[in-house]
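Inspection log for the structure reproduced underneath, given as structure tokens.
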Amino acid sequence: MSEQEIFRSPKKRGRVAVLLSGRGSNFRALHDAMREGKINADIVLVFSNKADAQGLQTAKERGLETLYLDPKAYPTRDDYDAIIVEELKKREVDLVCLAGYMKIITPLFCQAYRNQIMNIHPALLPSFPGLHAQKQAVDYGVRYSGATVHFVWEEVDAGPIILQAVVPVYQDDTEETLAERILKEEHRIYPEAVRLYFEGKLEVRGRKVYILD
Ligand code: GRF
């Protein structure tokens, strides 16, 4: 997106797809907030690249539509993502929420859903992108870390930042204790970001997100 382009999120009842590969606690937080009427949206699909993802099981138990596709069945990453995009388009998805989805989204996918893909990352980006962000923070010795909800652009963990939450890092923290502290904040700010999105309150200008009144 050039500096001049402005994107404004839609004010509407949203159709959300969640993509996950594991536990799915962020998916649960999003779904809980929707069920409690805090977000004007519905989850229309929970997708996974892992057949045994716990989040997929939870989604089934909650009566949501689920889909698993085996990446190994597709010759290239583009082929795999093209099918995912097709499945999302079929369901008229407005917003894709990555929630512990352990595959990199291809440019093809990013371009099909420009400003319509969010991710949650367990660190204060641009610090500690990539895997094991909590361990990176503990090993580095920072005093504060946190969580970031951002739009997904082609470059990994580098899209426009929507919300962040800060947590302290203590001297005796381990990757696990810090992850637990950060996770609580993730469950708070991810639903908040999706709420703002469908209230039409997020504006992306260049690489900055403005939260409108
Ligand atoms: C979270 O820490 C999230 O920030 C990261 O992957 C983890 C997913 O956890 N992207 P869960 O599957 O939502 O419980």
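Both counts, for ligands and for their atoms, begin at 1 and track the order of listing.
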Less than 4.0 Å between a side-chain N and a carboxylate O, is that true for E87 and K90?
yes
shortest atom 1 (C) of ligand 1-to-protein heavy-atom contact is with E186 OE1, 3.1 Å
I need the nearest protein heavy-atom contact for atom 11 (P) of ligand 1: residue, atom name and distance, please.
S25 N, 3.4 Å
Between V142 and S127, is a side-chain contact (heavy atoms from CB on, under 4.5 Å) present by the stated rule, with each step listed?
CA-CA 10 Å; V142 290; S127 290; over 6 Å; no
Would you call R62-D32 a salt bridge at under 4.0 Å N-O?
yes
Any nitrogen or oxygen of N119 lying under 3.5 Å from a nitrogen or oxygen in ligand 1? Just yes or no.
no
With the threshold set at under 4.0 angstrom, would you say G24 reaches ligand 1 through any of its heavy atoms?
yes
Looking only at protein heavy atoms, identify the closest one to atom 10 (N) of ligand 1 and say how far it is in Å.
I120 O, 3.0 Å
Heavy-atom check, side chain of R13 versus side chain of D42, under 4.5 Å:
yes
Which of these, A99, A133, G100, has its nearest heavy atom closest to atom 6 (O) of ligand 1?
G100
Quick test of your reading of the model: are E192 and R188 salt-bridged, counting only N-O distances below 4.0 Å?
no
Can you find an N/O atom of G22 closer than 3.5 Å to an N/O atom of ligand 1?
no
Only one of E180, E175, R181, E176 passes side chain to side chain contact (heavy atoms under 4.5 Å, CB included) with Q134; say which it is.
E175
Do K89 and Y113 meet the cation-pi criteria used here (NZ or CZ under 6.0 Å from the six-membered ring centre, within 45° of the axis)?
yes
I want to know if ligand 1 touches L183 in the polar sense, i.e. an N/O pair below 3.5 angstrom.
no
Among all protein heavy atoms, pick out the one at the shortest distance from atom 9 (O) of ligand 1; state its residue, atom name and that distance to 0.1 Å.
R23 NH2, 3.1 Å
